[in-house]
Amino acid sequence: NLMVTGLAERKRLSRFVSKEVEKSVSSPEAGILEPGGEVAEVTVLFSHIWEFNHLAKVHPPDEIVDLLNDYFTAMEECINSCDGTIDKYIGDAVMAVFRSIPGKPPHSVRACDAALRMRKAVAVFNENRSARGIFSIQNGIGIASGKVISGRIGAQKGRLDFTVIGNTVNLAARLESQSHHAQNTHVLIAPASIGQGKGGIRVNFIKRVPIKGRSRTFPLYELSGLRPT
């Protein structure tokens, strides 16, 4: 009975953490519950709903909660289908991480694939809401590839979070904040992600803009599609 109860509790709790967290805390490795991390090469995807603060002000809380639950369900399906991991939800934002997987396309290509699927899913999402007389939404996406610190971040004896941190994460978030410059897919991608894609990613150059944390203006590239492999 205790074992069955424990398994049921674990299943419930698994919905509140990513697969990487589950894998990390299930490891028999010594010190797994202590802060620590390692350098990893990944692609980070950031997305958020445009004008969300305004929507939250003019619509009842229950409508906003329903919106987010339905929206996150659709976004998670797109990310999972491309072998990405949702690192966290931040209000209306989604942060996902894509790592190298043997036998799979480069992680930046899979992140771009997920982003394009997310944009298509939002179109379907809006069609369904419009048919029911409910307001529509738009989202923007930023993608960046590079080295991050991946691991357990937090207090020595208290709360821990298994996540990734570093300039690559910051860049993905800042590109997402510039996604209004992208007129077609609303997906901006960093040059390093284009290179990591090994020719599998199609982009359009938009312009150079100031980016926080960068001494020079940064080139904005809009994801236009993927090349057949």
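Because the structure is a prediction, the values reported are computed rather than measured. Only this structure's heavy atoms are used, side chains among them; waters, hydrogens and symmetry mates stay out. Residue indices begin at 1 and follow the sequence shown.
Annotation: the span from Asp83 atom CG to Ser100 atom OG amounts to 12.0 Å, rounded to 0.5 Å. In this structure, CZ in Arg117 is found 4.0 Å from CG in Asp113, a value given to the nearest 0.5 Å. Note that the CD1 atom of Ile149 and the CD1 atom of Ile165 stand 6.5 Å from one another [nearest 0.5 Å]. With rounding to the nearest 0.5 angstrom, the CD atom of Glu76 is 11.0 Å from the CE atom of Met118. Considering CD1 of Ile189 and CG of Asn204, their distance stands at 12.0 Å, rounded to 0.5 Å. Atom OG in Ser224 sits 4.5 Å away from atom CZ in Arg202 (nearest 0.5 Å).
Counting heavy atoms from C-beta outward, Val169 and Val148 have side chains that approach closer than 4.5 Å. Residues Thr43 and Val97 fail the side-chain proximity criterion, which asks for heavy atoms closer than 4.5 Å. Looking only at side-chain heavy atoms (C-beta outward), Val209 and Gln178 come within less than 4.5 Å of each other. Annotation: side chain of Ile143 is in contact with side chain of Cys112 (closest heavy-atom distance under 4.5 Å). Put simply, the side chain of Asn139 does not reach to within 4.5 Å of the side chain of Val94, judged on heavy atoms. For the pair Met95/Thr163, a side-chain contact is recorded, criterion being any heavy-atom separation below 4.5 Å from C-beta on. By the 4.5 Å heavy-atom criterion applied to side chains, Asp92 and Ile64 are not counted as neighbours. Between Arg129 and Ser136, every side-chain heavy-atom pair lies at or beyond the 4.5 Å cut-off.
The number of heavy-atom neighbours closer than 6.0 Å to CG of Asp70, taken from other residues, nucleotides and ligands shown, is above 12. More than 12 heavy atoms of other residues, nucleotides or ligands sit less than 6.0 Å from atom CD of Gln138. Residue-environment remark: NZ (Lys104) stays at or below the threshold of 12 foreign heavy atoms within 6.0 Å. The number of heavy atoms from other shown groups lying within 6.0 Å of CD (Glu77) does not exceed 12.
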Before you tell me yes or no, could you show the steps for Phe46 and Leu175 under side chain to side chain contact (heavy atoms under 4.5 Å, CB included), namely the whole-Å CA-CA distance, both residues' side-chain angles and the distance that decides it to 0.1 Å? CA-CA 8 Å; Phe46 258 95; Leu175 286 176; over 6 Å; no

For the pair Ile201 and Ser108, evaluate side chain to side chain contact (heavy atoms under 4.5 Å, CB included) and give the outcome as yes or no after the intermediate values. CA-CA 9 Å; Ile201 299 170; Ser108 65; 3.7 Å; yes

Please lay out, stage by stage, how Ile141 and Leu188 fare under the test side chain to side chain contact (heavy atoms under 4.5 Å, CB included). CA-CA 6 Å; Ile141 300 174; Leu188 293 183; over 6 Å; no

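Between Glu63 and Phe135, the closest heavy-atom pair is OE1-CE2, 4.0 Å. The two atoms that bring Arg110 and Cys82 nearest to each other are NH1-O, 3.2 Å, heavy atoms only. Closest of all the heavy-atom pairs between Ala172 and Ala144 is N-CB, 3.7 Å. A pairwise comparison of heavy atoms in Ile79 and Thr85 identifies CG2-N, 4.1 Å as the closest pair. For Leu116 against Gly225, the heavy-atom pair with the smallest separation is CD1-CA, 4.0 Å. Val164 and Asp87 get closest at one heavy-atom pair: N-OD2, 3.7 Å.
Listed by first and then second residue, the ring-ring contact (aromatic ring centres under 6.0 Å, His included) pairs involving residues 163-216 are Trp50-His186, Phe205-Tyr221 (not counting sequence neighbours). Here ring-ring contact (aromatic ring centres under 6.0 Å, His included) pairs that include residues 88-130, with residues two or more places apart or in two chains, are Phe72-Tyr89. Contacts classified as side-chain hydrogen bond (donor to acceptor under 3.5 Å, both in side chains) and involving residues 209-219 (residues at least two apart or in different chains) are given here: Arg208-Thr217.
The closest donor-acceptor contact from the side chain of Ser130 to the backbone of Glu127 lies at 3.5 Å or more, if one exists at all. Not one N or O on the side chain of Ser150 forms a donor-acceptor pair closer than 3.5 Å with the backbone of Glu38. Put simply, the side chain of Glu222 never gets that close to the backbone of Val203: no donor and acceptor are under 3.5 Å apart.
Tyr71 and Phe52 fall within the same hydrophobic cluster, defined by Ile, Leu, Val, Met, Phe, Trp and Tyr side-chain heavy atoms under 4.5 Å apart, directly or through other members. In the hydrophobic cluster analysis, where Ile, Leu, Val, Met, Phe, Trp and Tyr join through side-chain heavy atoms closer than 4.5 angstrom, Ile194 is grouped apart from Phe218. Under a hydrophobic clustering in which Ile, Leu, Val, Met, Phe, Trp and Tyr are joined whenever their side-chain heavy atoms come within less than 4.5 Å, directly or via other members, Leu45 and Met75 fall into the same cluster.
Partners of Asp66 by salt bridge (charged side-chain N to carboxylate O under 4.0 Å, His left out), not counting sequence neighbours: none found. Considering only residues two or more places apart in sequence or on other chains, Arg119 meets the salt bridge (charged side-chain N to carboxylate O under 4.0 Å, His left out) condition with none of them. Checked against side-chain hydrogen bond (donor to acceptor under 3.5 Å, both in side chains), Asn170 has no partners two or more places apart in sequence or in another chain.
A donor-acceptor contact closer than 3.5 angstrom is absent between the side chains of Thr168 and Lys147.
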